[in-house]
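Below is one structure, written out as C-alpha cells; the observations come after it.
So you know, we letter chains A, B, ... as the sequences are listed, proteins then strands, and number each from 1. Basis for what follows: all heavy atoms, side chains included, without hydrogens, waters or symmetry-related copies.
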Amino acid sequence: MKTIFRSYEDEPVAMARRLLGQDLCRRTRLGFCVGRIVETEAYLSEGDSACHSAVGPNRKNASMFGPLGHAYVYTIHARQCFNVVTQAADVGSAVLIRALEPVRGIELMQQRRNTTLVRDLCRGPARLCESLGIGREMDGWDLSLGQRLWIEVGHPVPATEIRMTRRIGVTSAESLLLRFFVNGNPFISGTRRQNAS
DNA sequence: AAAACGATCTACT
DNA sequence: GTAGATCGTTTTG
C-alpha cells in the first residue's frame, strides 16, 4: 500500500495541509468506497480549549492520545466525526476530516445516506462518516494497516489552491480554528446549494 | 433522574 | 439566515 506519510510524527497543521487531495478509503462487507479529502481542520493540543484533548485523557478521547496515525472517531449531535491522530502518543492533537469529494462507491454512499445528491454525500464531517460507514467501532483503528479504513495517495493539491480559515475565540476565549480546504472545490462545506444528482 | 450541551445537519423562509 | 432534530455524555439537583 502506498501512503503519503513519511512519518505520522507531524504537527497537525502540516498534516492538515498534506491530507488535502489524498484518498480516504473504506472497505466493508457492503463494498468499497473512496473519497478525496478536500477540507480538513487542525486541532492543536496546546492553546486550544476547543480541542477535545484539552480536558486531558478520558474514556471518550482516549484514542486521541493513543498511537499516532490511528483514527479518532467522536460522537456529536447523534453523529460521528472522523479524525487522524497526529504527533506522538500522549500529545493529543488531531486533524478533523471535514469534507470529501466522492470518488468510488457512490452508489453505496447514496444508499447509506439515503439521498442521490452527490454533493451532499460527504460535505461535512458527519455526512462523510455516514457515507463511508464509519462508526465509533472504528475509534482507535490503525490507518497504516491498509484495511477497512486507510488513506492512499490521491491527486496532490498545489499550494496555491489551498486556502486557510483562521479564527480565534469562536466558541470560547482560547479556542483556535484552523481550517484548510481546496479553493473552489464544490464539495467543501459552507458553499451554497447546487444542482441535484 | 432530569437537564444541558455539542468539532452537526436538514428543512424551511 | 435560523429553528428544530438528534442522542450519548456530562452536569446538576
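In the set B:dC9, C:dT6, C:dT9, the nucleotide with an atom closest to the side chain of A:Arg136 is C:dT9. Across B:dA7, C:dC7, C:dT9, the shortest atom-to-atom separation from the side chain of A:Lys60 is found for C:dT9. Checked against C:dG8, B:dT8, B:dA7, the side chain of A:Thr75 finds its nearest nucleotide in C:dG8.
With sequence neighbours excluded, the residues forming a side-chain contact (heavy atoms from CB on, under 4.5 Å) with A:Ala16 are A:Thr40, A:Ala42, A:Val95, A:Phe180, listed by chain and number. Every residue two or more places apart in sequence or in another chain that forms a side-chain contact (heavy atoms from CB on, under 4.5 Å) with A:Arg27 is listed here: A:Phe32, A:Trp150. Evaluation of the side-chain contact (heavy atoms from CB on, under 4.5 Å) rule for A:Tyr74 yields A:His52, A:Lys60, A:Tyr72, A:Ile76 as partners, not counting sequence neighbours. Considering only residues two or more places apart in sequence or on other chains, A:Gln80 meets the side chain to side chain donor-acceptor pair (under 3.5 Å) condition with A:Thr75. For the side chain to side chain donor-acceptor pair (under 3.5 Å) test, no residue two or more places apart in sequence or in another chain qualifies with A:Arg79.
Base engagement by A:Tyr43 is indicated by at least one non-hydrogen atom pair under 4.0 Å involving a base atom.
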### Task
Taking Watson-Crick and G-U wobble pairs with both distances under 3.5 Å, convert DNA chain C into its dot-bracket string, 5' to 3', dots for unpaired and | for cross-strand pairs.
|||||.||||||.
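Distances shown here put every side-chain N or O of A:His77 at or beyond 4.0 Å from the OP1 or OP2 atom of B:dG6.
Atom CZ of A:Arg79 and atom C1' of B:dC5 are 15 Å apart (whole Å). To the nearest angstrom, P of B:dA7 lies 11 Å from CG of A:Leu177. Look at CZ on A:Phe180: it is 15 Å from C1' on B:dA7, rounded to the nearest Å.
Proximity of A:Leu100 to A:Val38: side-chain heavy atoms (C-beta onward) are nowhere separated by under 4.5 Å.
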